[in-house]
Amino acid sequence: MVNDNLEIKTICPDAEKSLFTIESTESDIQRETEAFAAVTSDQHNTLPRIKILGTGGTIASKGADSSQTAGYHVDLSIQELLESIPDISGVCQIEYEQLCNVDSKDINEEILLRIYKGISDSLQSFDGIVITHGTDTLAETAFFIESTIDFGDLPVVFVGSMRPSTSVSADGPMNLYQAICIAADSKSRGRGVLVSLNDQVSAGYYITKTNANSLDSFNVRQGYLGNFFNNEVHYYYPPVKPLGCHKFKLRLEEYMPTPRFPEVCIIYAHQSVDPELVDLVAKRYKGLVIATMGAGSLPKAVNERCLAQTIPIVYSKRSMDGMVPNVNLPHPLEEKTSNVIASGYLSPEKSRILLQLCLTKSYTIQEARNVFYGVYGG
Ligand SMILES: NC(=O)C[C@H](N)C(=O)O
């Protein structure tokens, strides 16, 4: 039998004193293989280290068949999800962790703090972090994380999908692949919390879900930051972070064993809204946000009920775009003494989180108003 690993080496080519040895080339092959492996592993070790935190959502969901795009269930682990994306071993090194696996409607303060801890714990040892999340409340978690973690230049990228993993043309694998590439790209540094969905990159601080069904479900009037095309992210601007974003330092031990923030309720205003709702909420909650009809407009009777309370009340808006300015608050001239705060550009659900954070820190109304005022952009 031919042994390919054996090589005949002639030491003396003289025929009479012919001398030769038979040597195995195995050690050479082994050495070469080991050297090659060392080079590739060195190359691999210099690739960015990316942490993936799985929390659930449609991106981790399965339907009954490939045509089902509603009524599916969260049923896919982060490991299974990663198995569905193209090979990324030449781009970065990956570690993953399943923080929870829920529809994002079930994300509460306990889970929010788990996500906060998952990100905080990964800051030192990774070059980028990706969080898979349901799209329904993704904007709230992204806003909370931007407001509470100082992650320096590290890219923190949220990603979700609109179709379950089992559907025809599921968007999850591509969205996740893009999010990982974005987190691993040095051009993504210094841009705050990012959201990667449907080939677009946006600021988590400003993004809003504007379509309950379509793949293009997020919108950001402050502008998309970039676009992902053919394995590459392209940014439209140099690195920039949201202006006026107030960072709250949280101490996790303060929220254990009961991970709760002061409760804040949202009232959605409408024609004939009942002013007594304000009294009912004020009895039970520590703060109130009202989605006012326009840029702070509410019926006189509702304004009067608001000004009669002692809890802080944030005037936000039903409209997705635009802002509520201080001058549109009732009694703007007495703003130092009144309990009402203008939300600026923030949606009611993000205003709720910001007010909760202010209450957590026991800010006065004036301090809370300054925090909200920062959102105006200066
Ligand atoms: N597209 C989605 O992810 C929606 C889903 N209900 C969620 O937020 O978890």
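Residue numbers run from 1 in the order of the sequence given. Remember, predicted model here, so these are calculated numbers, not experimental data. Each ligand, and each atom within it, is numbered from 1 in the order the structure gives.
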(request) Output all residues satisfying side chain to side chain contact (heavy atoms under 4.5 Å, CB included) with Arg260, sequence neighbours left out; order by chain, then residue number. (result) Glu109, Thr258, Glu263
(message) Assess whether a salt bridge exists between Asp321 and Arg221, defined as any Lys/Arg side-chain N lying under 4.0 Å from an Asp/Glu carboxylate O.
(response) yes
(message) With a 4.0 Å cut-off on N to O distance, would you call Arg49 and Glu95 a salt bridge?
(response) yes
Put together the list of close N/O pairs, under 3.5 Å, between ligand 1 and the protein, could you?
| unit_1 | atom_1 | unit_2 | atom_2 | d |
| --- | --- | --- | --- | --- |
| ligand 1 | 1 (N) | Thr58 | OG1 | 3.0 |
| ligand 1 | 1 (N) | Thr135 | OG1 | 2.7 |
| ligand 1 | 1 (N) | Ser161 | O | 2.9 |
| ligand 1 | 3 (O) | Thr58 | N | 3.1 |
| ligand 1 | 3 (O) | Thr58 | OG1 | 2.9 |
| ligand 1 | 3 (O) | Thr135 | N | 2.9 |
| ligand 1 | 3 (O) | Thr135 | OG1 | 3.3 |
| ligand 1 | 6 (N) | Asp103 | OD1 | 3.3 |
| ligand 1 | 6 (N) | Asp103 | OD2 | 2.9 |
| ligand 1 | 6 (N) | Asp136 | OD2 | 2.8 |
| ligand 1 | 8 (O) | Ser104 | OG | 2.5 |
| ligand 1 | 8 (O) | Thr135 | N | 3.3 |
| ligand 1 | 8 (O) | Asp136 | N | 3.0 |
| ligand 1 | 8 (O) | Asp136 | OD2 | 3.3 |
| ligand 1 | 9 (O) | Asp103 | OD1 | 3.2 |
| ligand 1 | 9 (O) | Ser104 | N | 2.8 |

(request) To the nearest 0.5 Å, tell me how far Ile341 CD1 sits from Ile313 CD1. (result) 9.5 Å
Show the atom names and distances, to 0.1 Å, of all donor-acceptor pairs under 3.5 Å that link a side chain in residues 78-88 to residues at least two apart or in another chain.
| unit_1 | atom_1 | unit_2 | atom_2 | d |
| --- | --- | --- | --- | --- |
| Gln79 | OE1 | Tyr96 | OH | 3.4 |
| Glu80 | OE1 | Ser77 | N | 2.8 |
| Glu80 | OE1 | Ser77 | OG | 3.2 |
| Ser84 | OG | Leu81 | O | 2.5 |
| Asp87 | OD1 | Ser89 | N | 3.0 |
| Asp87 | OD1 | Ser89 | OG | 2.9 |
| Asp87 | OD2 | Ser89 | OG | 3.2 |

(request) Only pairs at least two apart or in different chains count here, so list each ring pair (Phe, Tyr, Trp, His ring centres under 6.0 Å) that has a residue in residues 247-275. (result) Phe144-Phe261, His246-Phe248, Phe248-Tyr363, Tyr255-Phe261
